[in-house]
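Below is one structure, written out as structure tokens; comments come after it.
Quick caveat: nothing in here was measured; it's all calculated off a predicted structure.
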Amino acid sequence: MGKTVTTYLVDGDPKGTRYAFISNKICQMFVVPRSNLDYLDKQKKLQKPAFYILIGEDEMAKPQAYIGETENFKERVKDHDQKKNFWQKALIFVSKDADMTKTDVQYLEYLAVQQALQVNRYNLKENKQTPKEPNLPEYQKDAMVEFFDDIKFLTSFVGIGIFETALTNRLPMFYFTRRGADARGVYDGNGLTVLKGSKLSKEVVPSCHTIERRNAIVKDYAQLDPTGRLVLTSDITFSSPSTAASICGGCSSNGWVDWKNEKGQTLDEIYRKK
């Protein structure tokens, strides 16, 4: 089923301050760069109870995020601006139609931290404690679960994959098996997602052009299994199939040719030579 998302660019910049909402839904998302916190003075909705995510984006290492809730984001972010250096933008979620309560946003925080930890795409080291489930009536929990579904959609809509899991049941599986690697992945509009549990080549050839990035990924996203093999602990999406293959194999690779399905067909044959 299709969805209509309305987006307003506050300053005319697609990467600047903006807000978005799904038609016929009450969840509204504001995206505010750290460089434009003055906007909070103009937007009264951001001075009320809200759920929010601070985002830090690092191409080399695991991106960092902080998940929180507040009764007044304008006031709360002052402390984050002074004490947290990692973040570049804030995603703030409020209700378009009626104010949420403190307990509502606490429940959203509880759901979000659980989901983000399970997906394990972002580093949540600034979230020192895992929130406990607040006491909400059953009907209100249902409403907040629906609200959180919209949060996940809008977060993905602006390219933040903190809650995303690969749709492995809907997409064909591809395999990379060079140099001792045994990796599985799926391909969609976002790129090639290498799946949790994939085994990477342990050694890297000197000519590999992604050595620095691979080292950062291994540090943040992989661990040794009992047999001494490097295993991914979460899904990772790469915009280029070749980068995904290079990270998995520790060597330069043409991912369009080296990722193959169970019949031996390459990505190139299936997606570019139809």
Side-chain angles (χ1 to χ4, degrees), residues 53-67 84 86-87 110-131 152 155-156 159-169 171 173-188 190-253 255 258-260 262:
I53 311 170
L54 305 181
I55 298 292
E57 297 169 307
D58 188 337
E59 285 292 322
M60 294 302 300
K62 197 171 191 176
Q64 190 172 341
Y66 175 82
I67 295 172
K84 299 187 189 303
F86 75 90
W87 64 283
Y110 162 75
L111 294 175
V113 171
Q114 275 195 325
Q115 178 83 24
L117 288 174
Q118 181 179 350
V119 172
N120 193 30
R121 286 184 179 233
Y122 278 64
N123 187 325
L124 296 185
K125 63 182 180 182
E126 291 289 336
N127 284 90
K128 307 298 185 185
Q129 297 179 338
T130 302
K152 291 189 288 185
T155 302
S156 181
I160 304 299
I162 187 169
F163 304 122
E164 287 182 1
T165 55
L167 301 175
T168 55
N169 60 328
L171 298 170
M173 192 73 67
F174 290 86
Y175 304 88
F176 178 88
T177 54
R178 285 184 59 190
R179 303 188 67 254
D182 185 9
R184 299 175 304 123
V186 292
Y187 181 75
D188 62 12
N190 295 317
L192 194 292
T193 299
V194 184
L195 301 179
K196 178 180 179 179
S198 292
K199 296 177 176 63
L200 312 184
S201 173
K202 199 170 180 181
E203 303 297 330
V204 182
V205 299
S207 61
C208 179
H209 66 283
T210 59
I211 290 179
E212 188 177 356
R213 187 176 182 190
R214 179 187 147 102
N215 288 341
I217 285 172
V218 167
K219 176 177 177 292
D220 289 337
Y221 290 97
Q223 63 184 18
L224 291 174
D225 70 5
T227 66
R229 302 188 72 179
L230 283 171
V231 180
L232 286 184
T233 57
S234 66
D235 300 342
I236 311 177
T237 300
F238 300 92
S239 58
S240 162
S242 294
T243 300
S246 178
I247 296 296
C248 291
C251 61
S252 297
S253 174
D258 289 334
W259 287 99
K260 300 176 182 179
E262 59 185 7

State, yes or no, whether a side-chain contact exists between [X] and [Y] at a heavy-atom distance under 4.5 Å.
{"X": "Ile236", "Y": "Ile217", "answer": "yes"}
{"X": "Ser240", "Y": "Leu192", "answer": "no"}
{"X": "Asp235", "Y": "Val194", "answer": "no"}
{"X": "Val231", "Y": "Leu224", "answer": "no"}

Measure across [X] and [Y] and return the closest heavy-atom pair with its distance rounded to 0.1 Å.
{"X": "Thr243", "Y": "Phe238", "value": "CG2-CD2, 3.9 Å"}
{"X": "Tyr122", "Y": "Ile160", "value": "OH-CG2, 3.6 Å"}
{"X": "Thr155", "Y": "Ile53", "value": "OG1-CD1, 4.5 Å"}
{"X": "Phe176", "Y": "Ser253", "value": "CE1-OG, 3.7 Å"}
{"X": "Leu232", "Y": "Leu195", "value": "CD1-O, 3.9 Å"}
{"X": "Trp259", "Y": "Arg184", "value": "CZ3-C, 4.0 Å"}

For Tyr175 and Lys260, run side chain to side chain contact (heavy atoms under 4.5 Å, CB included): C-alpha distance rounded to whole Å, both residues' side-chain angles, the deciding distance at 0.1 Å, then the answer. CA-CA 5 Å; Tyr175 304 88; Lys260 300 176 182 179; 5.8 Å; no

Please determine which of His209, Glu203, Arg178 meets the side chain to side chain contact (heavy atoms under 4.5 Å, CB included) test together with Cys251.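 Only one of His209, Glu203, Arg178 forms a side chain to side chain contact (heavy atoms under 4.5 Å, CB included) with Cys251, namely Arg178.
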
Please test Asn123 against Phe86 for side chain to side chain contact (heavy atoms under 4.5 Å, CB included), starting from the C-alpha separation and ending with a verdict. CA-CA 11 Å; Asn123 187 325; Phe86 75 90; over 6 Å; no

Testing Arg229, Arg179, Arg214 for side-chain hydrogen bond (donor to acceptor under 3.5 Å, both in side chains) with Ser201, which one passes?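 Running side-chain hydrogen bond (donor to acceptor under 3.5 Å, both in side chains) over Arg229, Arg179, Arg214 with Ser201 returns exactly one hit, Arg179.
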
For the atom pair [atom1] ([X]) and [atom2] ([Y]), what is the distance rounded to the nearest 0.5 Å?
{"X": "Ile55", "Y": "Ile162", "atom1": "CD1", "atom2": "CD1", "answer": "5.0 Å"}
{"X": "Asp258", "Y": "Phe174", "atom1": "CG", "atom2": "CZ", "answer": "13.0 Å"}
{"X": "Arg213", "Y": "Ser246", "atom1": "CZ", "atom2": "OG", "answer": "10.0 Å"}
{"X": "Thr193", "Y": "Asp188", "atom1": "OG1", "atom2": "CG", "answer": "5.5 Å"}
{"X": "Asn215", "Y": "Asp220", "atom1": "CG", "atom2": "CG", "answer": "11.0 Å"}
{"X": "Asn127", "Y": "Gln64", "atom1": "CG", "atom2": "CD", "answer": "9.5 Å"}

Neighbour count >12 (heavy atoms, 6.0 Å) for atom CD, Gln114: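 Correct, the count exceeds 12.
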
Is Lys202 reaching over with its side chain to a backbone N or O of Ala181, donor-acceptor style, under 3.5 angstrom?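 Side chain of Lys202 to backbone of Ala181, a donor-acceptor pair under 3.5 Å: no, none is there.
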
Modelled atom types, side-chain donor and acceptor of Asp182 and Thr177, under 3.5 Å: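 No pair is found: no donor N or O on one side chain lies under 3.5 Å from an acceptor on the other.
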
Looking just at side-chain N and O atoms, do Ser156 and Glu164 make a donor-acceptor pair shorter than 3.5 Å?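 Their side chains do contain a donor-acceptor pair, which is all the 3.5 Å distance test asks for.
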
Can you list everything that forms a side-chain hydrogen bond (donor to acceptor under 3.5 Å, both in side chains) with Glu126? Sequence neighbours excluded, please.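 Checked Glu126 against side-chain hydrogen bond (donor to acceptor under 3.5 Å, both in side chains); matches are Lys84.
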
Listed by chain and number, what are the side-chain hydrogen bond (donor to acceptor under 3.5 Å, both in side chains) partners of Ser198, not counting sequence neighbours?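 Expected list: none.
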
